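Data first, discussion second: the structure below is written as structure tokens.
Heads up: numbering here begins at 1 and tracks the sequence. All values derive from a computational prediction rather than experimental measurement.
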Amino acid sequence: MPVGLFRVCLLVITAIVNHPLFFPKENGTVPENTEEIIQKMKEREESLRLEQLRLEQEIAVQEATQKALEKAAEVVEESKEEKVRWDMWTALSMVIFLLIELWRQDFQEGNWQDIGGEEDDMAVLGKAFKGVAFPDKALLASFYEKRILGTTGDMARMREMVEGFADDLLEALRSVCNRDADMEVEDCMGVGSMYENWRVRKPFVCDLIVPFAPPEPYCFRCQTWCSGDSFPPDEQGYGTIQVCRADDATGCICDKTKLGEDMLCLLHSQVSSSRPSSEMEDLLCFKNTQYLDADQVMKWFQIAVTKAWNRISHKYEFDLSFSLLDSPGALKIKFKSGKSIAFNLTPVVQYENSDVYFISHFPRSSLAADIPSSTHWFLTFAVYERRFIQLVSKTLPANACHVSCLQILSFLHGKQCSLTGPSGLTNYHLKTVLLHLLQARPSQDWAPEKLEARLQDMLKFLEKCLHEKKLYHFFIGNGRVPAELGFPIIFQRAEPLNLFRPFVLRRDIYRKMVDTFHEMLRNMSALINEYTVHIPLAHTNGIRKEPL
């Protein structure tokens, strides 16, 4: 029975499966649409291939971009490495430069003035001395004794007379000035060749400087070219003087900070902070500035001296007048006998608490011939120069020849200028040469019997300076200045000041200076012989009557 039922079921299932209604007629057309299916499959394959190509291109672009980014990163890294290497070389170069600069300064401080001690150095120089007959020791000694030595007494008497009169004149000047409004004048000081005992040419002229200060509550604020302020190269050696109130000089912050409209400084009122231009002009400042005007100072000083002389003229039996228009402080005393005495009275401003002074005008000198403006003041170190010579003289042998050398050289130079006309070379240049040699050579080299050798050293050193167009100021940039002088350190640390710098661009003056020097060398023996032979021995110990 079960087997029968199973068979019946199997038959029914077979019939159902093979029934035509279960499979539509189109199913039978599958074999007929094979080509269409294949075509669609090909199209699908083509689209897939195109899509693959597009994806490959995108991948290639991405890879190229990635490579570019990696390359850029490498370049940046290399540039960083190069920068690091460059920074290292820059730092190394800076270190080397600083070492060289330190060495240069040490060399400059230690050796820039050592110019007289080496014989081979002098052998290289002296080209202008070829064929020049240099006077021997005996002739030089005779010339100095007969022509120069007799002037010492004249200088001492003249200094005493001029100083006494100048003190009286300045005392009268103080009495005629308004103590509340005018400048305050201090005592005068003698500087230059007359007070260093080496002036030889007549007429003798005493140089006196007169420090002055502003009235209360004002003060001077001085600025120099080496004080950190920006000064161009042609203004080296100069400075400016600002007139300000003494309370402003303390540096109150009300001048540097805006306090606001509703705030007031307890030290300064609004009235005191405003300075009318007329007030500053009354204080001898340049128009619309707070800087002291040298021309205004000299005008005020001339007027004040005139008033002072009018007050005391009845006490003297001579006349006083201003002798030179280009030297505002040049005065001349005229006696009834026709004789006259000239001296210079020049106002100066003290630099801080030192003996360096700002000088308004240089009498009879080309040192300040091209002053940038009337608000620029030249610095003079004349007081320290006098002290240095006095200090060194104490260490030299008796009757040392250092002053004699300078006197002979100054005499020869003056005589040559009277023959060929003035040149850019001045007596101050000659004195600077002596100061350098005094520091460079040992004391025993200045014994009186070595006059000839030291005079040759001065001439050869001057020739070297003319050839190189370099003659450095003795004090500025000289780290070997004796501590006993109390010289300000700011000037010792400054760059050396070349006194021949103005002649570098002015070739005509430089040529004239060199020609005058060579002519002086050629005429030296003739001049010394002339002024030695024709002077009677009776005048040796007396006072010279004929002009030099």
Residues in side chain to side chain contact (heavy atoms under 4.5 Å, CB included) with Leu485, at least two apart? Tyr384, Arg387, Phe388, Leu391, Phe475, Val481, Pro482
Taking the six-membered ring for Trp and the single ring otherwise, decide whether the centroids of Tyr472 and His436 are under 6.0 Å apart. no
Can you sort out the partners of Lys512 under side chain to side chain contact (heavy atoms under 4.5 Å, CB included), two or more places apart, ordered by chain and number? Thr420, Ser423, Thr516
With sequence neighbours excluded, tell me which residues meet ring pair (Phe, Tyr, Trp, His ring centres under 6.0 Å) with Tyr195. none
According to the interplanar angle, ranging from 0 to 90°, do the rings of Trp309 and Phe165 count as parallel (below 30°), tilted (30 to 60°) or perpendicular (above 60°)? perpendicular
Under 3.5 Å, side chain of Trp377 to main-chain N/O of Leu292, donor-acceptor pair present? yes
Give every residue pair that meets the side chain to side chain donor-acceptor pair (under 3.5 Å) criterion with at least one member in residues 329-339, sequence neighbours excluded. none
Straight-line distance of Leu459 CG to Leu430 CG, nearest 0.5 Å: 9.0 Å
For the CZ atom of Arg245 and the CZ atom of Arg221, what is their distance to the nearest 0.5 Å? 13.0 Å
Quick check: do Phe358 and Val348 have side-chain heavy atoms less than 4.5 Å from each other? no
Can you tell me how far apart OH (Tyr357) and OG1 (Thr380) are? Round to the nearest 0.5 Å. 10.0 Å
Do Ile341 and Phe318 have side chains that get closer than 4.5 Å, going by heavy atoms? no
State whether the side chain of Arg159 and the backbone N or O of Cys206 hold a donor-acceptor pair below 3.5 Å, judged by distance alone. no
Would you call Glu463 and Lys460 a salt bridge, using N to O less than 4.0 angstrom? no
Ignoring hydrogens and angles, state whether a donor on the side chain of Ser373 or His376 is under 3.5 Å from an acceptor on the partner side chain. yes
How about CD on Glu216, more than 12 heavy atoms from neighbouring residues, nucleotides or ligands closer than 6.0 Å, or not? no
Contacts of type salt bridge (charged side-chain N to carboxylate O under 4.0 Å, His left out), residue Glu186, not counting sequence neighbours: none
Anything under 30° is parallel, anything over 60° is perpendicular, the rest tilted; go ahead and classify Phe491 against Phe381. perpendicular
Who pairs with Lys469 by side chain to side chain contact (heavy atoms under 4.5 Å, CB included), at least two apart in sequence or on another chain? Val504, Arg507, Tyr510
Which side-chain N or O atoms in residues 405-414 pair as donor and acceptor under 3.5 Å with protein atoms at least two apart or in another chain?
residue : atom : partner : partner atom : Å
Gln407  : OE1  : Tyr144  : OH           : 2.9
Gln407  : NE2  : Asn197  : O            : 3.3
Ser410  : OG   : Asn427  : OD1          : 3.1
His413  : NE2  : Leu425  : O            : 3.2

Could you check whether any side-chain N or O of Arg199 sits under 3.5 Å from a backbone N or O of Phe204, counting only pairs where one atom can act as donor and the other as acceptor? no
Side chains of Leu170 and Asp187 in contact at under 4.5 Å (non-hydrogen atoms): no
Could you pull out all residues at least two apart from Glu352 that satisfy side-chain hydrogen bond (donor to acceptor under 3.5 Å, both in side chains)? none
Mind checking what makes side chain to side chain contact (heavy atoms under 4.5 Å, CB included) contact with Ala342, not counting sequence neighbours? Val205
Does Asn353 CG have over 12 foreign heavy atoms under 6.0 Å away? no
Over 12 non-hydrogen atoms of neighbours within 6.0 angstrom of CD in Glu160: no
Would you compute the distance between atom SG of Cys222 and atom CD1 of Ile241 and round it to the nearest 0.5 angstrom? 5.0 Å
Between OG1 on residue Thr240 and CZ on residue Phe286, distance to nearest 0.5 Å: 13.5 Å
Output all residues satisfying salt bridge (charged side-chain N to carboxylate O under 4.0 Å, His left out) with Glu385, sequence neighbours left out; order by chain, then residue number. Lys431
Residues passing the salt bridge (charged side-chain N to carboxylate O under 4.0 Å, His left out) test with Asp515, sequence neighbours excluded, are Arg511
Under the rule for salt bridge (charged side-chain N to carboxylate O under 4.0 Å, His left out), what residues qualify as partners of Asp168, not counting sequence neighbours? Lys315
Nearest 0.5 Å please: distance from the CG atom of Leu434 over to the CG atom of Asp457. 11.0 Å
